[in-house]
Amino acid sequence: DGGFRRQPSGARGGAGAEQGGAGLEGFDFSDFGGLGDIFSSIFGRSGRREGAPAEAMETVVEIPFRVAALGGKVPVRLPMNETCRTCSGSGAAVGATVETCPECHGRGSVTFGQGGFAVSRPCPKCRGRGKAASAPCGACGGVGETRAEREVLITVPPATESGAKVLLRGQGQSPRPGEAPGDIVVTFQVQADRFFRREGLDVVCEVPINLAQAALGTRLRVRTLEGKKVVLKVPAGTQPGRKFRIKGMGLSKGGRTGDQLVQIQVQVPEKLAPEQEELLKKFAESAGMVF
Ligand SMILES: [Zn+2]
Ligand SMILES: [Zn+2]
């Protein structure tokens, strides 16, 4: 197809996705079937204390087209438990006394019979702490913790598609104070771009040119995904809808790199001045065009 050359400036992969980060583990589940199977078979539920494990929280994060295509990092707000500042975590109101929980006698769990079995569950009064205040803290309701949010940066692998998931282990909330925090599953939702769209690892864009450019040929400066300008030579007689391929300017994944496809739109003038109309008619007659 059409000739092109790359601008010599700059190295590729400026927004490259380096793995890792503060306490984060990113896993791409997009190639797997069910998430439930992954949890049970690979990660298991080890390391949890007694009582029900924390459920994995799920959240959907919108990411810009360019970040999804090239990889990068996006900020995500995650819920977290924070020690209550009012009671410093004791759960007691000012002036209240903290004593052994009368409900569970300090054990933190209560046992009750169910269908002939003795079932144990966290004490509802002290929420498993074993201690209870004579009057609960008004700010946290006696739990000793309040809900807060924190922002973390999540690594987005290159060529990420909508629906791809990452698992953030231990980044969720604790089921009860002092217990191991749960996981968070982040599902990526890729935003549409005004200029680019994806076709596999190729990236497609449409570029309008005028009638004279199409008939006589032209040189276009086309923006790539990485924000560089590439000169695209459009030959004389280019038809509307023709696609030009710019090699290696698509997405990269698994050692393969796609191309950028530039689809040409030809714009026809909507209004002609009388003089222009006469010229075009003369041109048409000389070219043998019927109109
Ligand atoms: Zn409190
Ligand atoms: Zn209790």
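Note that ligands are numbered from 1 as they come in the structure, with each ligand's atoms numbered from 1 the same way. What you see is a predicted model; the values in this text were computed from it and never measured.
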* Side chains of Leu251 and Arg198: closer than 4.5 Å at any heavy-atom pair? -> yes

* Please check if any side-chain donor atom of Gln189 sits under 3.5 Å from a side-chain acceptor atom of Glu62, or the reverse. => no

* State, yes or no, whether a side-chain contact exists between Cys140 and Cys87 at a heavy-atom distance under 4.5 Å. => yes

* Asked: From the Zn ion (ligand 2) out to just under 2.8 Å, does an N/O/S atom of His105 turn up?
  -> no

* **Interatomic distance, Lys233 atom NZ to Arg219 atom CZ [nearest 0.5 angstrom]** => 7.5 Å

* Please note down the angle at the Zn ion (ligand 1) between SG of Cys140 and SG of Cys137, to the nearest 10°. => 100°

* Structure fact -> Taking the Zn ion (ligand 2) as the apex, Cys101 SG and Cys123 SG span an angle, rounded to 10°, of 110°

* To the nearest 10°, what's the angle at the Zn ion (ligand 1) between atoms SG (Cys87) and SG (Cys84)? -> 100°

